[in-house]
Every structure is written in structure tokens, then in C-alpha cells.
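These notes are about the structure you will find just below.
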Amino acid sequence: MKKVFALVDCNNFYAACERLFRPELSDKPIVVLSNNDGCVIARSNEVKKLGISMGAPYFKNEALLRKHNVTVFSSNYALYGDLSHRVMDVLQQLEPEVEMYSIDEAFLSLPYHNGREMCKYAAWIKEKVRQCVGIPVSIGIGPTKTLAKIATHIAKKNSQQNGVFSLVNHANSDALLESVVVADVWGIGRQYADILARRGILHALDLKNADDVWVRKHLTVNGLRTVMELRGISCLPLGSVPPAKKSIVSSRSFRRPVCEFSDLKEAVASYVSTAAAKLRAQGALAGAIHVFLSTNRFAAKGPQRSVSTMIKLPQPSSYTPTLLKYASQGLARIYKSGYRYNKAGIMLVELSGHLLKQANLFCPAEKESDSLMEAVDTINTRWGRNMVRFAAEGVAKSWRMKQAHKSPAYTTCWKNLPVVRAD
DNA sequence: TCTGGGGTCCTAGGACCC
DNA sequence: TCTGGGGTCCTAGGACCC
């Protein structure tokens with residue numbers, strides 16, 4: 001049977017999550033900030049109309065936001081992650097083939113029907129998600145993922161579509177593609193949009209009709225895939241099984257510039273601890289660890305520095321103390337005093353499965369205790385993150401990121417459960 | 001004072017091999 | 001004086017996504 005792709009995309013997802021537990025804000029402007037309260041990363045429609053762009057620095061827009069009575073939230077990923085799961089659960093109950101593409105988007109593979117039937121069914125899915133979770137979504141349908149993305153874009157932009165739009169066998173699809181600027185096509189970022197503009201390729205339709213050889217040369221095979229997808233030739237299959245991670249990153253900006261090695265060491269230890277728990281959760285081992293460190297690239301004065309190093313482990317490990325030891329060696333290798341660092345991080349790479357553990361003939365195995373890690377993970381899962389932690393992570397953590405406007409973990413923490421009163 | 005974090009994939013170029 | 005060519009592997013950097 002012929003199949004088509006549908007993209008289910010949550011509208012202003014983080015903002016919608018915050019509003020769910022603050023219904024009095026349902027028609028009021030709100031924004032959600034990135035970690036460290038740095039940038040605006042989600043905006044309600046009212047805020048979009050104010051001209052505040054995605055990624056705008058908060059401190060530069062604080063006055064404007066206050067002037068318009070915008071409610072500001074720090075990121076609350078425990079909440080967004082949990083609501084995302086609930087949305088995905090609903091979709092998986094309705095359809096067998098679901099690819100969770102990001103925290104707020106999922107691709108579905110649907111049997112082909114005529115345009116009107118498809119839209120009717122999508123509207124039903126949309127209503128189900130609203131009923132069960134309370135998050136509004138838009139749904140776009142197309143013969144390829146890239147066209148489904150564009151259909152979603154159209155569904156969101158035109159209010160008369162009621163949040164659902166299908167490009168499958170659409171009579172005027174070329175006219176519609178002509179109305180979409182090329183930078184809004186999935187896979188075309190700023191750099192590629194500039195390259196395309198220099199060649200006079202400004203809209204999705206121009207890209208669809210572009211020369212294959214030229215595209216392959218300047219936009220790599222990925223660009224060529226995008227072109228094929230615009231032509232209705234599906235190159236990106238639905239991946240219902242999420243692939244195992246190839247790397248795990250943990251990094252944060254600091255609340256204030258950090259100069260001292262001891263502070264950086266604590267920060268790096270905290271990141272290692274977080275990443276190691278994720279590593280174990282997916283039953284993997286890391287073969288190497290990157291450590292990186294940088295000063296504030298926006299700072300006008302003061303010397304700049306951005307460094308990283310890679311440490312190969314003698315044998316793959318997921319044991320936090322081992323990872324801490326090598327991360328700390330890496331940090332010592334790249335640290336230089338006299339700089340105001342604003343960010344550090346680690347990346348676990350060369351991940352392999354637990355069963356593939358390869359001993360090192362020339363290096364005695366580290367003394368590692370799986371049961372200790374299991375106990376730590378169990379306690380922290382049961383009683384909350386960081387309930388038990390390593391001394392190396394420090395206690396005061398004066399460098400820890402800023403989160404001045406964080407909402408409660410309404411759905412993932414007993415203490416924060418919303419209370420309903422009937423009076 | 002204050003500008004996020006976590007991923008993937010592709011390519012070019014160097015090292016190294018025979 | 002004049003010193004090949006083809007292959008693989010690895011890494012860094014750059015592009016993209018949300």
C-alpha cells in the first residue's frame with residue numbers, strides 16, 4: 001500500500017508546556033529562556049508578534065519583555081521531557097509507525113488516501129493529543145519527509161487550515177513551493193541559503209528545479225537528497241527505532257566567569273557524572289573522553305581562549321570514578337590561568353555496547369564496581385537527581401548556571417504536584 | 001553584568017601503507 | 001636535476017537539525 005509521511009509538530013512546545021499548568025496565561029505573552037537564562041528559545045505567538053526573534057539574548061530584550069508584561073520562564077527540561085513522552089505515547093497508541101524526531105516533533109507513516117480524507121484523519125489525531133495531553137499540535141502531510149515539513153509550515157502559517165495541511169497530490173503544489181523561502185526548507189541553514197541566493201535560488205520551487213550536479217558540489221549529498229525530496233522522491237525513510245547514541249555531551253555556561261582550576265575541576269566532574277549516568281542508562285561504555293573549555297566569545301575585552309583535548313581510555317568504561325580521573329587529567333592538560341572561562345564541557349565518544357568490553361593486554365584493568373554504579377543510579381532515579389554524588393563535584397557550586405524563573409516539576413516530582421481546589 | 005545545549009553527517013587533508 | 005600512484009584511516013572543521 002502506498003504510504004505518505006505526516007509530521008506532528010507541537011506548537012511553541014516549551015511555551016505550551018508552561019501554559020498547561022498556568023491556564024491564566026493561555027492568552028498572555030510568555031517566553032522560555034535557554035539554560036543560564038541566556039537566550040529566548042520559545043515564544044508564544046503574542047511574543048513573536050512583538051518581533052522578538054528566536055535565540056535573542058535575554059538581557060538585551062528584558063526591558064521590552066517587561067514593558068509588554070511578558071511572563072518569563074527558565075528552561076524546565078524535566079517538565080518538557082515528560083510532556084513530550086506523553087505526546088509520543090498518544091501517537092504510538094494511534095499509529096504503528098512513529099519516529100520521535102525531536103522533543104516536539106514526530107514523523108508518522110500513514111496509508112495513502114485522498115487529500116481530504118488525510119486531513120480529516122490528521123485533524124482527529126490533533127484533537128486526540130489535545131484531549132489526552134493538552135498540547136496543541138500542527139500536522140503536515142506529504143509524499144516525503146521534507147514535503148511533510150513544508151506542509152506543517154503552511155499549516156502553521158495559515159490560520160484557515162486549522163493546523164492541518166496536506167501536500168499529497170496537491171494541484172497547486174508548485175505555486176505553494178514558490179511561496180516558501182529557501183531558508184525555510186528543512187536542511188537549508190544560513191550558509192546554504194547564502195550560497196543558493198548567490199545563484200538566484202530563493203524559493204523552495206527554485207531549489208526543486210536546481211541543477212543536480214551543482215547542488216551535489218556545493219551542498220553535498222545531503223543537499224541533493226533535499227532536492228530529490230522536494231521532487232517527491234523519498235530519500236529519508238522513517239526510523240521508528242531510535243539509533244543508539246554515538247556520543248554523549250554534557251556542558252554548561254557558568255553563571256559568572258570562572259578563572260580557578262579548582263572550580264573548573266568541580267564543574268567538569270559534575271558534567272562527567274551526568275554524562276556517565278546517561279551512558280549507563282543506555283548500557284554503553286565510552287572509549288574516550290573529550291574535555292573542552294572556552295572564554296566568552298562575545299566579550300569585547302580580555303584574552304580569548306577555546307581549547308579541547310581527547311583522552312583515550314585504556315579500556316572502555318562507564319565507571320564514574322574512572323571517567324572522572326581521565327577527565328581531570330584532560331582538564332589539567334588544557335587549563336591555563338589568566339583567562340575568564342565561561343563554559344566547560346565533556347563529551348563521551350567511541351561508545352560501545354557493554355558486551356563488547358575489550359580488555360587491554362598491556363595495562364592492568366581499573367578496579368571498577370558495577371554494583372556501586374548501579375546503586376548510585378538506582379538511588380538517584382528513585383529519590384531525585386544528585387541525591388548521592390561524588391565529592392569531586394563540589395558542594396557550593398558558585399559557578400552553577402542561572403535559572404531565576406524556573407517553574408515547578410509539576411509532573412515528575414511529588415512535592416511539585418499541582419493542587420486542585422474545589423471551592 | 002548578562003548571548004544554550006545536545007546531537008548527526010560530510011568533506012578535505014594529512015599520515016601512512018605498499 | 002629529475003623520485004608514483006592508489007588506497008585507507010583518522011581528525012578537524014563546518015554544515016545542518018531541534
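Chain letters run A, B, ... following the sequence lines, proteins first, then strands; residues in each count from 1. As a basis for the values below, the full set of heavy atoms in this structure was taken, side chains included, without hydrogen atoms, waters or symmetry mates.
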Within the pair [X] and [N], is there a side-chain N or O less than 4.0 Å away from OP1 or OP2?
X	N	result
A:Ser253	B:dT3	no
A:Ser75	B:dG5	no
A:Arg225	B:dC9	no
A:Arg190	C:dC17	no

So what does [X] touch, heavy atoms closer than 4.0 Å: a base, only the sugar-phosphate, or nothing?
X	value
A:Glu62	nothing
A:Leu33	nothing
A:Asn36	nothing
A:Tyr101	sugar-phosphate
A:Arg256	nothing
A:Arg255	nothing
A:Arg340	nothing
A:Lys245	sugar-phosphate
A:Leu219	nothing
A:Lys149	sugar-phosphate
A:Asp104	sugar-phosphate

Let's see if you can work this out: which of [options] has an atom nearest to the side-chain heavy atoms of [X]?
X	options	value
A:Ser34	B:dG4, C:dC18, B:dT3	B:dG4
A:Ser251	B:dG4, B:dT11, B:dG5	B:dG5
A:Phe59	B:dG6, B:dC2, B:dC10	B:dC2
A:Asn342	B:dT11, B:dT3, B:dG5	B:dT3
A:Met310	C:dT11, B:dG6, C:dC18	C:dT11
A:Ile248	B:dG7, B:dG6, B:dT3	B:dG7
A:Asn222	B:dT3, B:dG7, B:dC10	B:dC10
A:Phe298	B:dG7, B:dT3, B:dG6	B:dT3
A:Val249	C:dC17, B:dT3, B:dG6	B:dG6
A:Lys60	B:dG5, B:dG7, B:dT3	B:dT3

Could you state the atom-to-atom distance from [atom1] of [X] to [atom2] of [N] in whole Å?
X	N	atom1	atom2	result
A:Glu350	C:dC9	CD	C1'	13 Å
A:Gln191	B:dT11	CD	C1'	15 Å
A:Ile52	B:dT3	CD1	C1'	14 Å
A:Met54	C:dC16	CE	P	16 Å
A:Ile195	B:dC10	CD1	P	17 Å
A:Met347	C:dG13	CE	C1'	12 Å
A:Tyr192	C:dC16	OH	P	6 Å
A:Lys246	B:dC10	NZ	C1'	12 Å

> Would one find more than 12 heavy atoms of other residues, nucleotides or ligands at under 6.0 Å from atom NZ of A:Lys156?
Replying inline: yes
Heavy-atom count around A:Lys397 NZ within 6.0 Å, excluding the residue itself: above 12?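 Yes, the 6.0 Å shell around NZ holds more than 12 heavy atoms from other groups.
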Is any side-chain N of the basic residue among [X] and [Y] closer than 4.0 Å to the acidic one's carboxylate O?
X	Y	result
A:Glu393	A:Arg400	no
A:Lys265	A:Glu260	no
A:Arg198	A:Asp194	no
A:Asp263	A:Arg256	yes

First encountered from the 5' end of DNA chain B, between A:Ser247 and A:Lys402: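 First, find each residue's nearest nucleotide; the 5'-ward one identifies A:Lys402.
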Query - Along DNA chain B (nearest heavy atom to each residue), the more 5'-positioned of A:Pro257 and A:Ser250 - result: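 It is A:Pro257 whose nearest nucleotide is closer to the 5' end.
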Say you pick atom P in C:dC17 and the same atom in B:dT3; how far apart are they, in whole Å?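 It works out to 25 Å between them.
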Report the base-pairing partner of B:dC18 (Watson-Crick or G-U wobble, both distances below 3.5 angstrom), or none.
->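 Its partner is C:dG5 (Watson-Crick or G-U wobble, both distances under 3.5 Å).
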Next on the checklist: Does A:Lys343 qualify as a cation-pi partner of A:Phe254, given the criterion of NZ or CZ under 6.0 Å from the six-membered ring centre and within 45 degrees of its axis?
Outcome noted: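 Ring-cation test returns no.
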* To do: Would you confirm whether the ring centroid of A:His170 sits within less than 6.0 angstrom of the ring centroid of A:Phe165?
  => yes
